[in-house]
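Report on one structure; see the data block that follows.
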Amino acid sequence: MSDDHPRAAYARLPRDEAEAVAMQTELAGCVVEADDDSPIETIAGLDIAYDKDSDSAVATAVVMRRSDLAEIDRSVVHGASDFPYVPGLLAFRELPLLLQAIEALAVTPDLYVCDGYGLTHPRRFGLACHLGVVLDAPAIGVAKNPPHLPVEAPGPKRGAWTPITASGETVGCALRTQDGVKPVYVSVGHRSTLATARGLVLELAPKYRLPEPIRAADQLGRRRLAATE
DNA sequence: GCGACAG
DNA sequence: ATCTTGTCGC
């Protein structure tokens, strides 16, 4: 990313939905769909848990060592979302709190795994892309639900996958991480290729449907939210 | 043709 | 996202 685009500006909240869409359309050009040279040894899983009857939320980040998936760092940030959930604009709702959780970490992870889409997005700029571009760091997206695009179901075995295409371009893939379990939807966020992202997600999900860093962040957020009530 | 799209 | 525990099955 060049210096004429301050990262802080990318993280600011838009005044309305029209401006949000304009921001995404412009920033989509910043996404780098290629792997870094440096190896990925630490991975951060990110998530936000929302209180059922208030506007409070808890953003969590859990960093794991790639070699044995042991947790090496974690952070929890309590706050509230200023932006409503609007399909296609999830990043504006979650990014501010997620960035705070990341700042609270003691270590800088080599890769961020987001709960949601990366390039699998109407304007090819989902949460994982936005986060990756703002931090100028490798990021990928893992969603639990499929986009409204034609996707063939991958085979029943762990590791099976099918591409997700939009307008003739590959924007992600459906990946079966466990035998006979619903697939997850993987896409590039920033500074990664889909093949790398797919391989990593499979590697990070040796026992459950979701990658371990995401599972850990998810559980941590739920527990902290319940403990706060 | 329009609308449907993560959390 | 959230409401929700145990239970049936491999």
Side-chain angles (χ1 to χ4, degrees), chain A residues 13 17 20-21 24-25 27-28 31 45-61 77-101 112-133 139-152 156-158 163-167 169-175 177-190 194 197 201 207-211 213-215 217-229:
Chain A
L13 286 179
E17 295 186 15
V21 170
Q24 293 182 326
T25 302
L27 296 180
V31 174
L46 309 170
D47 190 39
I48 292 185
Y50 297 91
D51 185 58
K52 65 182 177 71
D53 41 31
S54 83
D55 63 342
S56 62
V58 175
T60 52
V77 170
H78 292 256
S81 297
D82 304 302
F83 205 90
Y85 170 70
V86 178
L89 304 181
L90 177 66
F92 297 106
R93 175 173 173 72
E94 306 210 324
L95 202 52
L97 228 43
L98 290 180
L99 291 176
Q100 284 184 43
Y112 293 94
V113 181
C114 298
D115 226 324
Y117 298 151
L119 292 176
T120 307
H121 179 274
R123 290 166 291 284
R124 302 197 59 169
F125 200 69
L127 172 62
C129 295
H130 207 142
L131 184 113
V133 167
I140 64 176
V142 179
K144 297 180 287 295
N145 294 299
H148 286 185
L149 291 170
V151 188
E152 283 184 35
K157 306 294 289 182
R158 164 181 158 82
I164 297 175
T165 59
S167 305
E169 294 184 64
T170 299
V171 296
C173 70
L175 171 65
T177 54
Q178 295 299 320
D179 292 356
V181 171
K182 287 194 305 180
V184 293
Y185 303 87
V186 181
S187 56
V188 168
H190 189 48
L194 181 57
V201 170
K207 188 169 177 53
Y208 298 96
R209 180 191 180 217
L210 296 176
I214 288 290
R215 288 188 68 236
D218 189 80
Q219 293 176 5
L220 177 59
R222 287 189 142 77
R223 288 196 300 267
R224 294 301 289 265
L225 199 54
T228 301
E229 291 172 347

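Letters A, B, ... are given to chains in the order of the sequence lines, protein chains preceding strands, and every chain is numbered from 1.
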*Given atom CG of A:Asp55 and atom C1' of C:dA1, what is their separation to the nearest angstrom?*
14 Å

_Among A:Asp115, A:Ile214, A:Val184, exactly one meets side chain to side chain contact (heavy atoms under 4.5 Å, CB included) together with A:Lys144. Which residue is that?_
A:Asp115

*Please tell me if the side chains of A:Val133 and A:Leu131 come closer than 4.5 Å, counting only heavy atoms from C-beta onward.*
no

*Return the orientation label for the A:His130 and A:Phe92 ring planes: parallel under 30°, perpendicular over 60°, tilted otherwise.*
perpendicular

*How long is the line joining CG of A:Leu220 and P of C:dA1, in whole Å?*
15 Å

*Report yes if the side chains of A:Val86 and A:Glu17 come closer than 4.5 Å at any heavy-atom pair, otherwise no.*
yes

Just the atom pairs and distances: protein N or O near nucleotides 2-7 of chain B's N or O, under 3.5 Å.
residue, atom, partner, partner atom, Å
B:dC5, O4', A:His148, ND1, 3.1
B:dC5, O4', A:His148, NE2, 3.4
B:dA6, OP2, A:Tyr85, OH, 2.3
B:dA6, O4', A:Tyr117, OH, 3.4
B:dA6, N7, A:Gly88, N, 3.3
B:dA6, N6, A:Gly88, O, 3.0
B:dA6, N6, A:His121, NE2, 3.3
B:dA6, N1, A:Leu127, N, 3.0
B:dA6, N3, A:Tyr117, N, 2.8
B:dG7, OP1, A:Lys144, N, 3.0
B:dG7, OP1, A:Lys144, NZ, 3.3
B:dG7, OP2, A:Asn145, ND2, 2.4

*May I ask you to test the A:Leu119-A:Leu194 pair for a side-chain heavy-atom distance under 4.5 Å?*
no

*With pairs taken as Watson-Crick or G-U wobble and both distances under 3.5 angstrom, which stems of at least three consecutive pairs involve DNA chain B?*
none

*Would a 4.5 Å heavy-atom cut-off, applied to side chains only, mark A:Leu89 and A:Arg123 as touching?*
yes

*How about A:Tyr117 and A:Leu127: do any of their side-chain heavy atoms sit closer than 4.5 Å?*
no

*Which is true for A:Arg222 with a 4.0 Å heavy-atom rule: it touches a base, it touches only sugar-phosphate, or it touches nothing?*
sugar-phosphate

*Touch check for A:Ala57, heavy atoms < 4.0 angstrom, all strands: base, sugar-phosphate only, or nothing?*
nothing

_Restricting to non-hydrogen atoms, name the atom on A:Ala128 and the atom on A:Cys114 that form the minimum distance, rounded to 0.1 Å._
CA-SG, 3.8 Å

